[in-house]
Amino acid sequence: MTDSQTTPDLRAAAREMHDAGLCVLPIKADGTKKPAVSWLQYKVARSTPDEHDAWFPEGKPRGLAVVYGEVSGGVELLEFEGLAIREGLLDDVTEIMEASGLGEPWAAVLNGWVTESPSGGRHYRVRLDGAAVPPNRKLASRLAREDEYTPEERQRIAEKPNSKIVRVLIETRGEGGYGLVEPSGGTVHATGRPYVRIAGSPASIPVLDPDVMDAIRDVCRMLDDLPKAESPKTAPARDLPPLPDGGLRPGEDYEARADWAEILRGTFRPLITRGNTTYWQWADGVGGVKATTGRDPERDRLYVFATGSEFQAEVPYTKFGAYALLQHGGNHKAAASALRAQGYGSPPERRRLTSVPAQAQHFSDGSTALDAEHAPEFEGGPQLRAVPSKPDLDITNEADALDGVLDLMGAGQLPDLYKRSGGPCWVHRDDNDQPRMQQLGTDNLRAYLADHVQSYVVKRGPDEVEREERELFMPKTCGTILGRKDWPLPPLRGIVTSPVIRPDGTLLDALGYDRPTGLYLEPRVKLRRLQPQVTTDSLNRAKEIVLEQVLADFPWVAPSDRAHYVGALLTPILRPYFHGPTPMFVLTATAAGSGKSLLKDIFAYCYGTADTPWPENDTELRKSITTQLYTTGQPVVVLDNLPNGYVVKSPVLSALLTAETWGDRVLGSTASVTMPNDRLWIITGNALRTGGDNGRRAMWVRLDPNCPDPDQRDGFRIGDLRPWLRANASTLVAALVTLVRAWLAAGAPTIRTRKGDYSEWASLMAGLLDYLGVEGWMADRDDARDQDDELLEWAAFLEMWREKLGADPVPTGAIISALPDHVPRHPKTGELPTANLLGGWLKARDGRYFGTHKVVKVWDAHRRQNVWRVDVHADRGTGRHES
C-alpha cells in the first residue's frame, strides 16, 4: 500500500474490518491522529457500514482507526514503538518468550495481523478468550537521551532541570483506546508516511488465553528501563554516607561480594541472560519469567514481577535487602548482624549506652506486676526466679521499634504482660490489696517499656562515630502497638485466688501465670504445701475443719442449705474443670444477725470477694456486672444487702446466669469487649424472694436461728469466726483443696442431676458432695418453689381457675369476672388488670407450667379472638401425660 490510496480504499478497508467484528473510526488528516467525529459512543457500540460510507466520501482525505476492547470483540493492541524496534527490543522479547515457554503463542502474535507504523514500529493484535481487555498500559519505557531531545523538550529542561523526559518503548491499546491502521497515509501522520500491513489481516487475529496474555505483558514489562523508586525495606543501604577510613558496612560489603544465584537459591533460578540482564523463573521451573537482575549495570537490583513470592512486586531489591528478606524476615538489623558474624563489613566504632541495672524484683514464671512486698509466697520460702537483665532495643526507626517490641513479646522477654479482650494488660493490686486486671493505655505501655526495655536511638556525630542515647518510646508508637488486633503475648483468661483444678484434672498451685490454662494464680492467702497424694487421714482432717468446725454452728434451715453452701464454697476451686455457667447463690435469713455476713466472709478470706451494692435498675446492674468481670480478679462477686423482703426479678441477671461469656461496652469508651463469665455470683439479704426466671437460676442457702436477738448467740465451736479466719484462712483453703483432690483421686464420680443450663456443674457437685458424705444436695426443690412469689401467685391463680371454670377455653374478660380475688394484680398499682393486659400476661406465659398447671392459648374462630384454658399434669408435672 502507498500514499496514493483513495477514499474507496478506506471504505473497503473499513468493510474488511467491520466484517472481522471490529469497530472503525475516521481519523483527521491533519497529523494529530485525532478522531474526525465524537467517538465516545463508539466505545460501547460498533460503527455501521452506513456511517463508514458517510465518513469516507470519495476525494476526502481521512485516516482509519480501530477501537479496541469489548466493542471490537475483546481485541487488544500490543505496540512496539519504532525506537524499540531499532534498539532490538523485539528480538530480546522474542528470545525471552521462547526461553520461558511462550514461544508458540508469541509466534502466533508475530504472524497474526501486523502493521508497520510510519515511525517503523510494529502493531500486533490479540483477541482475548473469555476475559475483559484491560485499559491502555505502558509496559516498557526509558529516559530519553540528551541527543534525542526535541526543541520543546530542551526548553522544558531549561525551565525545570529536574524534569524527566520519557520515551515509551512498548505499550498496549485496550479498553477505551484506539489505534490507526492501514491504509491510513498522507497527511494523516505527521511524517506523511503510511501505515503498512506486513502480515495477516483482521480475520487472522490470534486468540489467546488471558493468562498467556498476562505472561506476554509481563515479559514486555521486564524490558522497562525507567529508574524504580527504592524502599528502605528493600534497599536499606541506599544513600548512606561512606564510613571514615574507607570502612564498609556489612550490607555494602555483601552487595559487592555476593552472587544473585546463591541469594535466590530455592526461590528463583536463572532462565536466560541477555547483555547485563538475567531473567529468572520459579525455582521449580514452572511458569515463565518472574524477575530480572542486572538491568541497570550501575545499580544491580532484583526486580520481581510476580506476586507469589516473599518479595514485594515491582520494587527494586538490593542483594542485602533480598538476603534480609529471605533469611531474616526483612529484619535488616538482624541480617547485618548475621553478615557481620560471617565476616562481612568493617568493624564500626560505636560509643555504647551506659547500661542501666535492672531493679531488684522477683517474678514468677511469666510474671506478676505486683510489688515485691506484695508478692505471694509459699510457706517455707518464695518459689520465684529473677527476671533477666533488660533487653536492648534500637528505636531510631519507628518501624524497627514496632517490630522490636513485637519480637520481644514473642520471645517472652517482657515479663508481666498479657493479652485479653481489648488488648495488652497486666495484673496489679489495688489500694485494698485486691488483684485487678489493668488494660493498658498509651501512657501505661510507655511507662512499662521504660521499666523493662533499654531503649535507645543511634545518633551520628560530625566525627562519624555512632553514639547510643537513651530514649523512651514515642506515645504514637505505643498507640500503634495497642491498635493492633493481636499481640504475641500469653492470653490472660482470668485470675484465680486459690489453687484450682485444670480441665485435665491436674492441680494448678504454682504462683503466677499458668500457660496451659491462661490463668494467673494470685492467692488470697499464703498457700500451704500440699502432699503429693491425699491420704485418708488428710481427707478426714479436711472434712473436720470444713464441716465440723467452720460450718458446724450455722443455723441451717435444712440439710440442703448446708449442702448448697459447701457446693458454693468448692466451686471456685473446680471452676476451670467444667464448662458452662453456675447459678447464683442466695444467702438469706429470717432476721439480721443470723450469720449471712459470716458466710460471705468465708469466701472473702479464702478467695477474696468483689462486693457491690444492689443497683437501682437493670441498666446500673449491667454496668456493675461489666465492671466486675472486666477489671476485678476475685472469683466471687457479692451483690450485698438487698432490702428486706426484696423480690429478685431481673432479666439482666437472668441473662448473666445462663451465659458462658458476657459482652458489653466498656464504661467511658466506645469499645466493646467479651469476657468469660467465670465468677460465682452471690446475693445476700433477709427474707429474699425471686420472681420471673430468676427462681430457676438460684440455689438457696437459708438460715433461721429461731430465737430473738440472734446476734447475741455464743458458745460456738471455734469461737469468733472472723479472728479465726484471719489466722487460719490458709488452713481452710488447704482443707477445701484437699476435699476436691481426694474426690479426683477417687475417679471424680458424678451423679447425673438435671438443673437446666447448670446440669454439668450440678452433676459434678452432686458426685463430690456424695463422696464427702454431705447430704441434701438439691433436695429443696419444693421449698425453692415456695421462694418464688410469681410462681406461687400464678400457681394459685391457675388452680383456682381450673377449679371454678373447668377445662373449657374462656375469654380474658370472663376470667377477671369469675376470679377477681385470684387474678394477679398490676405490680405497680395493685389494681386488677384490664382484659387486654391480662391477655398479654397470658401470652407471655402460654405453655409454661406453674406447679402442675399451665395456660394454653386457643383461637376462637367464631369470636375471632384468643381464648384460654388451663391444663393439668395428672402426674404432677413429670411430663408423661396431661388431662
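Just so you know, these numbers come straight off a predicted model, no measurement behind them.
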Within 6.0 Å of NZ in K228, more than 12 heavy atoms from elsewhere: yes

Counting distance only, does the side-chain N/O of E70 pair as donor-acceptor with the main-chain N or O of A132 below 3.5 Å? no

Take the angle between the ring planes of Y124 and F80 and call it parallel below 30°, perpendicular above 60°, tilted in between. perpendicular

Parallel, tilted or perpendicular: which one describes the rings of W282 and F268, with boundaries at 30° and 60°? parallel

Does W55 have its ring centroid less than 6.0 Å away from the ring centroid of Y42? yes

Pairwise distance CG(L78) to CZ(R137) - rounded to 0.5 angstrom: 12.0 Å

Side chain of D225, backbone of R142: donor and acceptor closer than 3.5 Å? no

Using 30° and 60° as the class limits, which term best fits the ring planes of Y195 and H189: parallel, tilted or perpendicular? perpendicular

Parallel, tilted or perpendicular: rings of F305 and Y303 (30°, 60°): perpendicular

For W106 and T94, does a side-chain donor sit closer than 3.5 Å to a side-chain acceptor? yes

Can you tell whether the side chains of K233 and D403 come within less than 4.0 Å, N to carboxylate O? yes

Under the criterion side-chain contact (heavy atoms from CB on, under 4.5 Å), which of D129, I216, D214 is the partner of L208? I216

Counting C-beta onward and ignoring hydrogens, is there a side-chain heavy-atom pair between P236 and T318 closer than 4.5 Å? yes

Under-4.0 Å salt bridge between K419 and D486: yes

When the ring planes of Y178 and W39 are compared, do they come out parallel, tilted or perpendicular, using 30° and 60° as the limits? perpendicular

Using the rule given for salt bridge (charged side-chain N to carboxylate O under 4.0 Å, His left out), can you reason through K319 versus E255, listing the C-alpha separation, both sets of side-chain angles and the distance that settles it, and then say yes or no? CA-CA 5 Å; K319 292 177 180 178; E255 198 74 27; 5.9 Å; no

Can a side-chain donor-acceptor contact be found between D50 and T48 if the only test is distance below 3.5 angstrom? no

Do E230 and R299 meet the salt-bridge criterion of a basic N to acidic O distance under 4.0 Å? yes

For the residue pair T267 / S309, report whether a side-chain donor-acceptor contact shorter than 3.5 Å exists. no

Candidate pair E16 and R197, rule salt bridge (charged side-chain N to carboxylate O under 4.0 Å, His left out), full reasoning: CA-CA 13 Å; E16 176 191 23; R197 183 178 299 178; 3.1 Å; yes

Identify whether the distance between the nearest side-chain nitrogen and carboxylate oxygen of E76 and R217 falls below 4.0 Å. yes

Salt bridge (charged side-chain N to carboxylate O under 4.0 Å, His left out) assessment of K34 paired with D30: CA-CA 9 Å; K34 294 181 178 180; D30 59 0; over 6 Å; no

Cationic N near anionic O, under 4.0 Å, E153 to R145: no

About how many Å separate CG of L223 and OH of Y279, when rounded to the nearest 0.5 Å? 4.5 Å

With a 3.5 Å cut-off and no angle check, do the side chains of T292 and W280 form a donor-acceptor pair? no

Regarding R249 and Y254, do their side chains bring together a donor and an acceptor under 3.5 Å, going by distance alone? no

Salt bridge (charged side-chain N to carboxylate O under 4.0 Å, His left out) between R257 and D253: does it pass, once the steps are laid out? CA-CA 6 Å; R257 296 163 52 189; D253 194 10; 2.9 Å; yes

Under 3.5 Å donor-acceptor, T234 side chain and P316 backbone: yes

Does this structure show an ion pair linking E81 with R167, if we count only N-O contacts that are shorter than 4.0 Å? no

